[in-house]
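Here the structure is laid out as structure tokens; the discussion comes afterwards.
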Amino acid sequence: MSKIISIVASKGGVGKTTVSSVLAEELSKNFKVAVFDCDCNQYSIEAVSSSGLLNFDFMTIENEVELKDAIKNFKNEFDYIICDTAPHSHMSSFFLDILKKSDTVIGVTQPSPNDILAFEKIMLNVLDASQELSPSQRQFLLVNRVENVQSDIQKQSFELIENLLAKKLNTLTSKLHNRAAFKSHGYFSVDQSKDLKKIKEVQCLVKELLDKGGL
């Protein structure tokens, strides 16, 4: 029986598809994994799905009927199904249906006040509502972190996370940077001094989710 993991965000460009793809790639080393691209844009993972670089299966899901059929047909074929959801969908019936079917929901944001406040005002309310749909889901918040907290804005961002989000969601402490997705898929040659560190970030993220019961 597949475990369904949904990756959600309140706005685009925060790393939701990056998280979906690197989780799938890392998990596929030991498990059978599929990614359901539920984002109507369908440009990130779909663009390379025929390149032969991906070690996980990929399919586009556009509505509740397709989601239901895909889960029914593949629930015994894959260990994990990762749903890359669309930003700005929020209270749509399709988005809520994805949450309802999920075992784990991972929210993604960036360490900037605008992104964090958007997550708090929009997505947190949706996740609260989803508890009524699926009380057993585990919910986490992943911050696409910078190497070091260098500016006052970044410091204020982490304070906002602690004050607005961390009390309601399990906050993941693993670091993850956007180029980690490309490195883990082998799009570019690996720089031993920099890129392997980013691959290690993905491994640490998976380990943290396993340790906290999210996988």
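Worth saying up front: this structure is predicted, and the values here are computed from it rather than measured.
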(message) Using a 3.5 Å distance criterion without hydrogens, assess whether the side chain of Ser2 forms a donor-acceptor pair with backbone atoms of Phe78.
(response) yes
(request) Verify, without hydrogens or angle tests, whether Asn163 (side chain) and Glu159 (backbone) share a donor-acceptor contact under 3.5 angstrom. (result) yes
(message) As an exercise, state the distance from CD of Glu208 to CG of Asn170, rounded to the nearest 0.5 Å.
(response) 9.5 Å
(request) Return yes if some donor-acceptor pair links the side-chain N/O of Glu26 with the main-chain N/O of Val202 below 3.5 Å, else return no. (result) no
(request) To the nearest 0.5 angstrom, please state how far the CG atom of Asn30 sits from the CG atom of Leu27. (result) 8.0 Å
(request) List for me each residue that meets side-chain contact (heavy atoms from CB on, under 4.5 Å) alongside Gln156, sequence neighbours excluded, and say none if there are none. (result) Asp152
(request) Evaluate the criterion salt bridge (Lys or Arg N to Asp or Glu O under 4.0 Å) for residue pair Asp79 and Lys3; output intermediate values, then yes/no. (result) CA-CA 6 Å; Asp79 300 300; Lys3 189 163 190 177; over 6 Å; no
(request) Flag yes if more than 12 heavy atoms outside Lys212 fall under 6.0 Å of its NZ atom; otherwise flag no. (result) yes
(request) Evaluate the side-chain proximity of Val105 to Phe140: yes if any heavy-atom separation is below 4.5 Å, no if none is. (result) no
(request) For the residue pair Lys16 and Asp39, establish whether any side-chain heavy-atom pair is separated by less than 4.5 Å. (result) yes
(message) With a 3.5 Å distance limit and no angle check, can you tell me whether Thr85 reaches the backbone of Ile7 through a side-chain donor-acceptor pair?
(response) yes
(request) Taking the side chain as every heavy atom from C-beta outward, state whether Pro113 and Leu160 have any atom pair closer than 4.5 Å. (result) yes
(request) Can you sort out the partners of Tyr80 under ring-ring contact (aromatic ring centres under 6.0 Å, His included), two or more places apart, ordered by chain and number? (result) Phe31
(request) For the residue pair Ile106 and Leu23, establish whether any side-chain heavy-atom pair is separated by less than 4.5 Å. (result) yes
(message) Quick one: does any side-chain atom of Thr104 pair with a main-chain N or O of Gly214 as donor and acceptor, under 3.5 Å?
(response) yes
